There are 2 protein chains.
Amino acid sequence: MTLGQRLRELRKSRGLSLRELASRVSVGFTYLSKIENHKLEEGHGPSEKLIHMLAVELDGDEEELLLLAEKVPEPIRRRVIARPDAFRRLAELSDRKLDRVLASLD
Amino acid sequence: MTLGQRLRELRKSRGLSLRELASRVSVGFTYLSKIENHKLEEGHGPSEKLIHMLAVELDGDEEELLLLAEKVPEPIRRRVIARPDAFRRLAELSDRKLDRVLASLD
DNA sequence: TAGATTGTTGCACTGAGTAGTCAACATATC
DNA sequence: GATATGTTGACTACTCAGTGCAACAATCTA
């Protein structure tokens with residue numbers, strides 16, 4: 001699942017056209033088209049501000065969208081900065097070990 | 001401990017002047033001075049590239065410097081993007097719970 | 001005590017990179 | 001055949017990391 005795919009899903013499910021949504025988030029509709037079709041050359045993704053507005057307008061999960069855009073959401077960022085000792089170690093864990101940690105949380 | 005303080009420590013301990021270090025990392029020495037004294041207006045921090053070069057030149061811990069600059073180091077970022085499910089949950093943990101998770105890793 | 005070396009700070013500026021635009025076209029719908 | 005929709009490539013505008021200078025203060029050293 002890419003950011004573009006998810007945005008298109010959300011937009012369609014809300015019955016919005018590109019032009020309609022674009023005007024609500026104050027960008028050109030052609031730009032949204034490119035995002036949905038990932039026609040933006042490598043690294044030229046939408047800004048966090050735009051993703052925020054899209055999340056609001058589409059009533060979607062902002063963190064999910066940010067992560068799909070390969071950006072670290074602010075709440076997670078703050079935690080990483082606050083506890084670098086913890087997150088440096090956690091980031092080194094394999095998927096398997098990470099799964100075990102998650103399981104132990106329940 | 002701020003980025004500026006840490007950089008100054010490292011630079012002094014290597015016996016380098018601002019001008020010397022600046023020329024090695026290819027920036028103006030006044031810019032380094034501003035970084036060390038956090039005289040850069042909010043949000044205008046040094047680039048990750050510069051921090052990288054400083055880490056190399058001062059033989060410091062790049063991740064430590066990035067974290068002090070409140071930037072998420074690339075290895076951690078990659079892990080967060082790869083396992084958003086895990087890191088969204090981990091980021092919500094209190095310091096206490098995070099400590100318990102860490103302890104359980106040994 | 002003068003000259004070299006180092007660091008501080010304000011301010012106006014620049015250049016690169018990237019977020020976003022615009023015109024033109026295609027396709028579908030009614 | 002108008003009206004609404006989406007696609008694409010070339011272009012532009014803005015942000016911001018970093019510059020460069022000027023004027024100054026504090027050491028050090030010969």
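None of the values given here were measured: they were computed from a predicted structure. Note on naming: letters A, B, ... go to the chains in the order of the sequence lines (proteins, then strands), and numbering restarts at 1 for each one. Atoms considered below: every heavy atom in the structure, side chains included; atoms not considered: hydrogens, waters and symmetry mates.
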Going by modelled atom types, is there a donor-acceptor pair between the base of C/dG7 and the side chain of B/Lys34 at under 3.5 Å?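 Between C/dG7 and B/Lys34, which were checked side chain against base, a qualifying N/O pair under 3.5 Å is absent.
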Can you say whether a donor on the side chain of B/Lys39 sits under 3.5 Å from an acceptor on the base of D/dG18, or the other way round?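 Absent.
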Would you tell me if any nitrogen or oxygen in the side chain of [X] comes within less than 4.0 Å of OP1 or OP2 on [N]?
| X | N | value |
| --- | --- | --- |
| B/Arg19 | C/dA4 | no |
| A/Thr30 | D/dG6 | no |
| B/Ser33 | C/dT8 | yes |
| A/Arg11 | D/dT5 | no |

Just to be sure I understand the rule, does B/Lys71 reach a base, reach only the sugar-phosphate, or reach nothing, if contact means heavy atoms closer than 4.0 Å?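 Answer is nothing: B/Lys71 stays at 4.0 Å or more from every strand.
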Under 4.0 Å, heavy atoms only, any strand: does B/Leu50 hit a base, just the sugar-phosphate, or nothing?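 The answer is sugar-phosphate, as B/Leu50 gets under 4.0 Å only of primed atoms, P, OP1 or OP2.
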Quick check on side chain to side chain donor-acceptor pair (under 3.5 Å): which of A/Arg11, A/Arg6, A/Lys12 does A/Glu36 satisfy it with?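 Exactly one candidate clears the test, A/Arg11.
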Whether A/Lys71 and A/Glu48 form a salt bridge (side-chain N of Lys/Arg under 4.0 Å from carboxylate O of Asp/Glu) is what I want to check.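 No, this pair does not count.
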Could you walk me through whether B/Leu90 and A/Arg79 pass side chain to side chain contact (heavy atoms under 4.5 Å, CB included), step by step? CA-CA 9 Å; B/Leu90 291 168; A/Arg79 229 32 214 132; over 6 Å; no
Separation of atom NZ in A/Lys49 from atom P in C/dA19, rounded to whole Å: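 Interatomic distance, NZ of A/Lys49 to P of C/dA19: 13 Å.
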